[in-house]
Amino acid sequence: MYRPGVSSRRSFPVWMVVLITLGVMAILGLTIGLLVHFLAIERYYYYQGSFHISGVTYNETCENAASQASTPLSKDIETQMFNAFQNSSVYKEYISSHIIKLLPYANGSNIQTQLIFRFPPAKRESMRTKIEAILHQLLKENMASWNVVLGSIKLTEISKTNAEKFTNNCCGRQLTNSIKADNRIVNGKRALEGAWPWQADLQWKGKQHCGASLIGSKWLLSAAHCFAKKNNSEDWTVNFGTIVNKPYLTQKVQNIIIHDNYSSSAFHDDIALVQLEKEVVFTKYVRKICLPEAKMQLKENDSVVVTGWGTLYMNGPLPGTLQQALVKIIDNKNCNAPYALAGMVTDTMLCAGFMSGESDSCQNDSGGPLVYPDSRDIWHLVGIVSWGKGCGQKNKPGVYTRVTSYRDWIASKTGI
Ligand code: 4AZ
């Protein structure tokens with residue numbers, strides 16, 4: 001039967017057309033988005049590069065301090081690698097390259113490096129080929145000076161987690177982007193997160209009392225005078241992180257080892273070890289500092305950095321956020337001048353600061369680190385904040401326990 005107004009052709013209601021269109025657009029959008037995300041958006045790629053050298057046998061991982069013997073070779077390789085990538089067609093994608101290990105290998109050593117690049121996933125294969133070619137060329141050019149075994153080069157992509165684990169377990173490495181981004185202690189400046197990841201806050205009965213440095217997963221180095229009349233492990237907690245009231249990590253103390261010859265009157269042997277109840281898991285914000293070799297020597301005017309949550313001036317307020325100050329090494333002879341510390345500084349102490357005053361450590365910085373970067377920017381613990389005549393006073397630089405003098409003592413108690 002004919003019914004006017006009713007078409008024999010079936011049509012969809014308007015709402016359904018709109019819904020279907022929206023659905024198709026959403027699926028299209030999602031597909032394009034995912035394609036862009038996976039193929040065009042840049043992400044970080046981590047590689048482990050290795051090659052052999054003949055002649056010299058090194059045995060070190062970055063978990064321990066680089067020895068002075070291998071530093072020139074590592075520095076040379078790192079500099080040349082940096083230049084090679086900076087001056088290559090992949091300079092825009094290049095982020096960093098470092099030596100991680102030098103291990104014994106058949107009459108020589110196996111050199112392991114870590115390389116970081118940033119590029120879109122679509123370039124993965126071509127980048128790999130280019131990186132390999134640049135490394136190959138670099139090693140060929142330096143074959144004679146480094147004794148490279150050509151043909152031993154290997155490049156493996158590794159996961160971000162594994163790459164970070166390598167660096168986190170190294171000693172003396174700052175979080176890379178914490179270094180330049182921003183620029184008390186006395187006349188210091190606020191430290192960025194991850195800049196001094198070995199710095200610990202020693203709290204006695206819940207109050208900020210001293211500083212300390214993480215030297216192993218279970219060990220901290222601090223000053224003996226922090227524990228004078230306060231040597232009950234249970235009263236102490238160890239915090240990590242830059243803000244006193246917002247620690248990343250809190251650890252309990254198992255044992256405190258104070259140097260047997262510590263004398264409170266003369267501040268001799270002002271050094272102590274703090275053993276943690278549980279091992280610290282290293283992260284980019286909690287890492288250990290390298291210990292210097294006993295024979296390492298610092299010169300007058302060498303730049304070092306002291307960090308801590310100590311007072312901003314004598315009997316002044318506490319800052320709450322970790323402070324850092326650049327100070328200069330002052331030779332013991334100059335430091336002991338009659339107008340300065342007049343013979344009170346012994347061989348097992350070192351002076352750092354400025355004769356003019358300026359920056360200095362102060363109360364509650366005690367036990368904290370005085371650190372020195374080697375030529376590769378790997379930081380070493382050279383001093384422990386110990387004592388001073390006031391803070392930031394003219395001709396009265398800060399006095400630190402000289403860590404190189406206690407290298408054997410530390411090894412005998414900790415095995416580090
Ligand atoms: C202190 O009282 C203290 N200027 C620590 C370091 C310095 C002075 C005093 C060095 O713990």
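Every number for a ligand or one of its atoms is a count from 1 in the order of the listing. The residues of the chain are indexed from 1 along the displayed sequence. All values below come from the heavy atoms of this structure, side chains included, with hydrogens, waters and symmetry mates left out.
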Ring centroid separation Tyr45 to Phe119 under 6.0 Å: yes
Side chain to side chain, Val403 and Ile410, heavy atoms closer than 4.5 Å: yes
Modelled atom types, side-chain donor and acceptor of Asn239 and Thr250, under 3.5 Å: yes
From CA spacing to verdict: salt bridge (charged side-chain N to carboxylate O under 4.0 Å, His left out), Glu93, Lys130: CA-CA 11 Å; Glu93 289 85 1; Lys130 285 181 193 170; over 6 Å; no
Aromatic Tyr406 / basic Arg402 pairing, under 6.0 angstrom, 45° off normal: no
Separation of SG atoms, Cys290 and Cys171, below 2.5 Å: yes
Pocket residues of ligand 1, ordered first by chain and then by residue number (heavy-atom cut-off under 4.0 Å): Asp360, Ser361, Cys362, Gln363, Ser366, Val385, Trp387, Gly388, Gly390, Cys391, Gly398
